[in-house]
Amino acid sequence: MLDARFVRENIDVVKDALARRGAAVDLSEFVAAEQERLHLLRESEDLRNRRNTVSEEIGRLKRAKENADHLMGEMKSVADRIREIDEVLKGIEEKQISFLLTIPNIPDASVPVGKDEHDNVEIRKWGEPRSFTFEPLNHWDIAAKHDIIDFDRGAKIAGARFAVMKGAGARLERALMNFMLDHNAASGYTEVFPPLLVNRDSMTGTGQLPKFEADLFKTANPEFYLIPTAEVPVTNLHRDEILSEEDLPLYYTAYTPCFRSEAGSYGKDVRGLIRQHQFNKVELVKFVKPEDSFAELESLTAVAEDILRQLGLPYRTIVLCSGDMGFSSAKTYDIEVWLPGQQKYREISSCSNFVDFQARRANIRFKRAGKKGTEFVHTLNGSGLAIGRTLVAILENGQQEDGSVVIPEKLQPYFGAEKIG
RNA sequence: GGAGAGGUGGCUGAGCGGUUGAAAGCGGCGGUCUCGAAAACCGUUGUAGUCGUAAGGCUACCGGGGGUUCGAAUCCCCCCCUCUCCGCCA
């Protein structure tokens, strides 16, 4: 969420920034409401001041056994007027907050301006896509050959876009989870295993709500939301907290299943493991001081990239253009892994700096030693990595002419074998 | 699921209708003392909004939301959370 005062004092900055995102937002109504709000706020506070003073006087009179009826009568009407104003004020504030909650973050100046994914800019590339002496298969064909992913039974027991991992497939899923967690922990991230169901406040804190309710799964009674990413519970770890300067930076890593209804994505990646309603992911989350956050984004992205290097999977890193970034992000790098089955780089990680956008929503602050007041922390996160897609990449990149799949060396101790088949 | 207890400042803990933004203690910060430190003593120590160039003023906040009242941390209603006991369960 953007700061109301910042918006009213920087209308043009906000307007320009949102235009770069392709979001044409009309701020005039907001600004008018803001003026009205400040006006009423002053009136209400003046009246309260009067009420406080006079009420004290009434107390004094009563203790002295003197009559205070005329003052009490006057204060009754003052109280009524305060109630009236506050009701209007409350209406304005609610409207403003729900408006601000739907305004996306301002892109950082270093983000390339662009309309959609075609305007993203590649900034790094690692590894060479392997040249095959045979026609490389899609992961679902490889999986079928070894009977390690059962899409049909996934559909039977749950529905479309659910899969059952089986035998070496299940084992590979587990091996990747442990490998990634160990890797991230060794990079200085504290491992956490959070709740997978969260309340509405948490979803609002990280920006999923109120705007993207349709993308989420939700329980009926009592009402909980299934997390679409560990970013939600882990970032909300410190919601409504004031951290001290020496606590920062905080680094967390978490494995969780992720649940996404992905409304509107139908027709895309209908086959295979790429787009599922439930998938596993290891996440990286940081809480940092504002002046460090862009350097912290670089180092976070480097940790995620290193996982792919350890696994020997070719990838490239792109910086998302202003029009393609997520709602809450100020700057995002996507890491894309090479998939021979598709002859394409596909997203396997998304690393973002949210600056103070989530921190303001979730009220996560810190206090500098020796300084008065508090500041919002900056939050960041990135996948490190999406497990299902990593598994896809291993199957497709490791496939051999005889149909077997070579497991990356660093993963073999976790997997317990050198190859599948 | 049933029964009970409770949620107050960084922490412990008083207050239960009128100088209470909140006693007291601990902690933190500054100072006196000391070669230095400890102890002791003195002072200070919440967050946010708003007005103001500033100094500072005002307003709000005692789990959250409503209500009663001239006035609420204190009274009433609803909700949330924590703890204890019983039941059930991995």
Side-chain angles (χ1 to χ4, degrees), chain A residues 1-10 30-100 193-205 209-210 218-225 233 236-248 250 257 356 359-377:
Chain A
M1 180 165 70
L2 301 179
D3 180 32
R5 188 161 49 184
F6 177 82
V7 174
R8 79 170 180 247
E9 286 167 3
N10 300 276
F30 172 83
V31 171
E34 185 67 357
Q35 266 160 12
E36 171 78 354
R37 183 179 76 84
L38 289 180
H39 175 77
L40 290 172
L41 185 65
R42 240 166 292 157
E43 190 180 347
S44 169
E45 287 190 351
D46 286 349
L47 288 172
R48 279 165 197 275
N49 179 232
R50 170 141 179 80
R51 181 176 68 179
N52 289 346
T53 319
V54 175
S55 290
E56 217 172 287
E57 175 64 17
I58 292 171
R60 244 191 307 273
L61 289 171
K62 290 219 155 187
R63 254 171 291 138
K65 306 271 191 241
E66 288 179 41
N67 187 291
D69 289 355
H70 63 294
L71 288 177
M72 282 166 62
E74 188 199 335
M75 283 311 102
K76 200 167 172 57
S77 62
V78 167
D80 286 344
R81 178 67 185 143
I82 291 174
R83 237 188 298 274
E84 247 174 66
I85 296 175
D86 284 355
E87 204 161 312
V88 178
L89 218 40
K90 203 175 142 195
I92 294 176
E93 276 165 6
E94 276 169 6
K95 249 174 101 177
Q96 279 188 311
I97 287 172
S98 50
F99 173 75
L100 285 175
F193 188 68
L196 309 180
L197 302 182
V198 301
N199 57 35
R200 204 179 159 84
D201 284 345
S202 293
M203 284 294 182
T204 307
L209 290 180
K218 172 185 186 178
T219 64
N221 191 26
E223 194 175 88
F224 287 113
Y225 290 89
N236 278 283
L237 230 37
H238 295 295
R239 172 153 52 85
D240 292 323
E241 288 185 18
I242 300 175
L243 305 164
S244 61
E245 187 174 11
E246 57 265 30
D247 292 336
L248 301 174
L250 285 167
D356 60 1
R360 184 173 296 107
R361 285 174 162 244
N363 194 28
I364 309 168
R365 294 171 289 168
F366 79 104
K367 205 176 178 59
R368 288 190 201 268
K371 268 191 94 178
K372 254 203 145 359
T374 60
E375 293 173 52
F376 290 113
V377 302

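- Residue whose closest nucleotide on RNA chain B sits further toward the 5' end, between A/Arg365 and A/Gly59: A/Gly59.
- If you check the side chains of A/Thr204 and A/Asp201, you find no donor sitting under 3.5 Å from an acceptor.
- Taking 4.0 Å as the cut-off between side-chain N and carboxylate O, A/Arg42 and A/Glu45 do not count as a salt-bridged pair.
- B/G25 and B/U8: their C1' atoms are spaced 16 Å apart (whole Å).
- Between A/Asn49 atom CG and B/C51 atom P the separation is 16 Å, expressed in whole Å.
- Atom-to-atom, CG of A/Leu38 to P of B/U59 comes out at 18 Å; the value is rounded to the nearest Å.
- B/C83 and B/C78 are spaced 23 Å apart, taking the P atom of each and rounding to whole Å.
- Between B/C80 and B/G87, the distance separating the two C1' atoms is 24 Å to the nearest Å.
- Side-chain atoms of A/Arg37 never come within 3.5 Å of backbone atoms of A/Glu93 as a donor-acceptor pair (strictly under, hydrogens ignored).
- Taking atom CG on A/Asp240 and atom P on B/U47, their separation rounds to 16 Å, with Å as the unit.
- Between the base of B/G49 and the side chain of A/Glu45 there is a donor-acceptor pair shorter than 3.5 Å.
- Between the A/Ser77 side chain and the A/Glu74 main chain, a donor and an acceptor come within less than 3.5 Å of each other.
- Between the CD atom of A/Glu56 and the P atom of B/G17 there is a distance of 18 Å, rounded to whole Å.
- Distances shown here put a side-chain N or O of A/Lys90 below 4.0 Å from the OP1 or OP2 atom of B/G66.
- Counting heavy-atom neighbours within 6.0 Å of A/Lys95 NZ, excluding the residue itself, gives a total of 12 or less.
- Across B/A5 and B/C58, the matching P atoms stand 42 Å from one another, rounded to whole Å.
- When rounded to the nearest whole Å, the span between CD1 of A/Ile242 and P of B/G28 equals 19 Å.
- At whole-Å resolution of the value, CZ in A/Arg83 and P in B/U68 are 5 Å apart.
- Of the P atoms belonging to B/C61 and B/U74, the separation is 10 Å, rounded to the nearest Å.
- Rounded to a whole angstrom, the distance from the C1' atom of B/A90 to that of B/U82 is 23 Å.
- Taking a cutoff of 4.0 Å between a charged side-chain nitrogen and a carboxylate oxygen, A/Arg368 and A/Glu375 qualify as a salt bridge.
- Where A/Met75 and A/Arg8 each meet RNA chain B at their nearest nucleotide, the meeting point lying more 5' is that of A/Arg8.
- Taking atom C1' on both B/A38 and B/A23, the two are 29 Å apart, rounded to the nearest angstrom.
- Here the P atom of nucleotide B/C29 and the NZ atom of A/Lys367 are 14 Å apart, to the nearest Å.
- Contact annotation: A/Arg5 side-chain N/O to B/U50 OP1/OP2 distance is under 4.0 Å.
- Judged by distance alone, with hydrogens and angles left aside, the side-chain atoms of A/Ser202 form no donor-acceptor pair with the main-chain N or O of A/Pro233 at under 3.5 Å.
- Atom NE2 in A/His39 sits about 16 Å away from atom P in B/U50, given to the nearest Å.
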Handout entry: Intra- and inter-strand pairs of RNA chain B in dot-bracket (Watson-Crick or G-U wobble, both distances under 3.5 Å; | for another strand)
Key = ((((((((.[[[..)..(.....]]]((((((.......))))))((((((....)))))).[[[[[..)....]]]]])))))))....
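- A salt bridge does not link A/Glu87 to A/Lys90: none of the charged side-chain nitrogens sits closer than 4.0 Å to a carboxylate oxygen.
- With both ends at atom P, the span from B/G63 to B/U12 equals 14 Å, rounded to whole Å.
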